[in-house]
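Values reported hereafter were calculated over all heavy atoms of this structure, with side chains retained and with hydrogens, waters and symmetry mates removed.
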Amino acid sequence: MPARDIYHNTVKHALEKGGWNVTADPFLLRAGAISMYVDLGAERLLAANRNEEKIAVEIKCFLQASDISEFHAALGQFMNYRLALSKQEPDRVLYLAVPADTYDSFFTQPFIQDVLHQYQVKLIVFISNQEVITQWIS
């Protein structure tokens, strides 16, 4: 079982406040003999067409000394998870959840924006002390 990020419950509660049903905590991915765990799996019923929207969420806190080092690790993890998810459950969309202060100070840098765009990284931005999601960025 993977270690939980300090914001794990914050993001889980924020998703639930937003109408998501957390269905996996953690969400197990298998790629052949390799097992990986995304922090959360969630689903939400779309009342308009009675379909379900499914997501998987990897939570990163960016509390280490180097944001770029954490970003490298998070991006690599995100890419591996997305590939495995595309084979296991292609209708589920992977998001990387980051705190709003980290998003504002680091993720808005032009180079990081270029990387996010290039690799089509989807983000959830949350305010940790309020347990709310402020942005969904695709």
Side-chain angles (χ1 to χ4, degrees):
M1 191 67 69
R4 289 186 169 179
D5 186 273
I6 65 166
Y7 295 131
H8 185 93
N9 287 331
T10 298
V11 173
K12 182 178 178 179
H13 295 153
L15 287 168
E16 290 169 341
K17 283 181 180 178
W20 290 90
N21 181 26
V22 175
T23 56
D25 182 8
F27 182 83
L28 174 62
L29 283 174
R30 294 192 190 277
I34 298 171
S35 296
M36 299 175 272
Y37 293 92
V38 181
D39 289 316
L40 297 170
E43 298 176 5
R44 179 172 67 177
L45 181 64
L46 301 173
N49 56 13
R50 302 238 182 246
N51 289 332
E52 278 188 330
E53 186 177 6
K54 297 178 183 178
I55 61 172
V57 180
E58 180 61 19
I59 304 160
K60 293 298 175 196
C61 59
F62 287 85
L63 297 176
Q64 302 298 318
S66 172
D67 284 344
I68 194 70
S69 291
E70 280 200 69
F71 181 67
H72 289 163
L75 183 62
Q77 195 174 23
F78 183 89
M79 302 293 279
N80 289 338
Y81 289 173
R82 187 169 60 192
L83 179 60
L85 190 61
S86 73
K87 296 178 184 295
Q88 180 176 314
E89 206 170 316
D91 60 334
R92 189 177 294 271
V93 178
L94 179 63
Y95 283 87
L96 180 66
V98 297
D101 58 343
T102 301
Y103 179 80
D104 292 341
S105 65
F106 180 73
F107 280 76
T108 56
Q109 298 291 320
F111 175 74
I112 302 304
Q113 287 287 305
D114 289 346
V115 172
L116 296 172
H117 179 74
Q118 177 72 30
Y119 296 108
Q120 301 175 0
V121 177
K122 298 179 184 313
L123 296 175
I124 293 173
V125 180
F126 63 92
I127 297 176
S128 60
N129 63 354
Q130 298 175 18
E131 296 186 337
V132 295
I133 294 170
T134 59
Q135 295 184 70
W136 293 79
I137 302 171
S138 296

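The distance from atom CG of Leu75 to atom CD of Gln118, rounded to the nearest 0.5 Å, is 10.5 Å. Considering CG of Leu94 and CD of Gln120, their distance stands at 12.5 Å, rounded to 0.5 Å. Atoms CD and CG, on Gln109 and Leu116 in that order, are 11.5 Å from each other to the nearest 0.5 Å. Distance CD1/Ile112 to OH/Tyr103: 11.5 Å, rounded to 0.5 Å. For the atom pair CD (Gln113) and CZ (Phe106), the distance works out to 10.5 Å, reported to the nearest 0.5 Å. The structure places CG of Leu40 at 6.5 Å from CG of Leu15, a figure rounded to the nearest 0.5 Å.
Looking only at side-chain heavy atoms (C-beta outward), Trp136 and Leu123 stay at 4.5 Å or farther from each other.
Using a 4.0 Å cut-off between charged nitrogen and carboxylate oxygen, Lys60 and Glu70 do not count as a salt-bridge pair. Between Lys12 and Glu131, no side-chain nitrogen of the basic residue sits less than 4.0 Å from a carboxylate oxygen of the acidic one, so the salt-bridge criterion is not met.
Taking the six-membered ring where the residue is Trp, the centroids of Phe78 and Tyr95 are separated by 6.0 Å or more. Residues Phe27 and Tyr37 place their aromatic rings such that the two centres sit no closer than 6.0 Å.
In terms of hydrophobic clustering, with Ile, Leu, Val, Met, Phe, Trp and Tyr side chains grouped at heavy-atom distances under 4.5 Å, Ile133 and Val98 are assigned to different clusters. Under the 4.5 Å side-chain heavy-atom criterion for grouping Ile, Leu, Val, Met, Phe, Trp and Tyr, Val22 is not connected to Val132 through any hydrophobic cluster. Both Ile68 and Leu96 belong to a common hydrophobic cluster when Ile, Leu, Val, Met, Phe, Trp and Tyr are linked at side-chain heavy-atom distances under 4.5 angstrom. Following chains of ILVMFWY side-chain contacts shorter than 4.5 Å, one cannot reach Ile137 starting from Val57, and the two form parts of different hydrophobic clusters. Cluster membership check: Val93 does not share its hydrophobic cluster with Leu83, using side-chain heavy-atom separations under 4.5 Å among Ile, Leu, Val, Met, Phe, Trp and Tyr.
Across Leu29 and Ala84, no two heavy atoms sit closer than the pair CD1-CB, 4.1 Å. Contact record, His8 with Asp39: CE1-O, 3.4 Å, taken as the closest heavy-atom pair. Between Val38 and Pro26, the shortest heavy-atom contact is O-CB, 3.3 Å. Residue Tyr7 comes nearest to Ser128 through the heavy atom pair CE2-CB, 3.4 Å, listed as atom of the first residue, atom of the second, then distance. The two residues Ser35 and Arg30 have their closest heavy-atom pair at OG-NH1, 3.0 Å. Met79 and Tyr119 get closest at one heavy-atom pair: CE-CD2, 3.5 Å.
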For Ile55 and Trp20, what are the C-alpha separation, side-chain angles and deciding distance, and is it a side chain to side chain contact (heavy atoms under 4.5 Å, CB included)?
-> CA-CA 9 Å; Ile55 61 172; Trp20 290 90; 3.7 Å; yes
* Asked: Checking ring-ring contact (aromatic ring centres under 6.0 Å, His included) for the pair Phe62/Phe107: CA distance, chi angles, key distance, verdict?
  -> CA-CA 11 Å; Phe62 287 85; Phe107 280 76; 5.3 Å; yes
Ile34 vs Met36, side chain to side chain contact (heavy atoms under 4.5 Å, CB included): CA-CA, chis, key distance, verdict: CA-CA 7 Å; Ile34 298 171; Met36 299 175 272; 4.0 Å; yes
Exercise for the section: Could you walk me through whether Glu43 and Glu53 pass the side chain to side chain contact (heavy atoms under 4.5 Å, CB included) test, one step at a time? Expected result: CA-CA 6 Å; Glu43 298 176 5; Glu53 186 177 6; over 6 Å; no
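Between the side chain of Arg92 and the backbone N or O of Ala42 there is at least one donor-acceptor pair closer than 3.5 Å. With Ser105 contributing its side chain and Asp101 its backbone, the two residues share a donor-acceptor pair below 3.5 Å. Judged purely by atom type and a 3.5 angstrom limit, Asn21 has no side-chain atom pairing as donor or acceptor with the backbone of Thr23. Looking at Gln77, its side chain never comes within 3.5 Å of a backbone N or O of Glu58 through a donor-acceptor pair.
Counting non-hydrogen atoms of neighbouring residues, nucleotides and ligands closer than 6.0 angstrom, the NZ atom of Lys87 reaches no more than 12 such neighbours.
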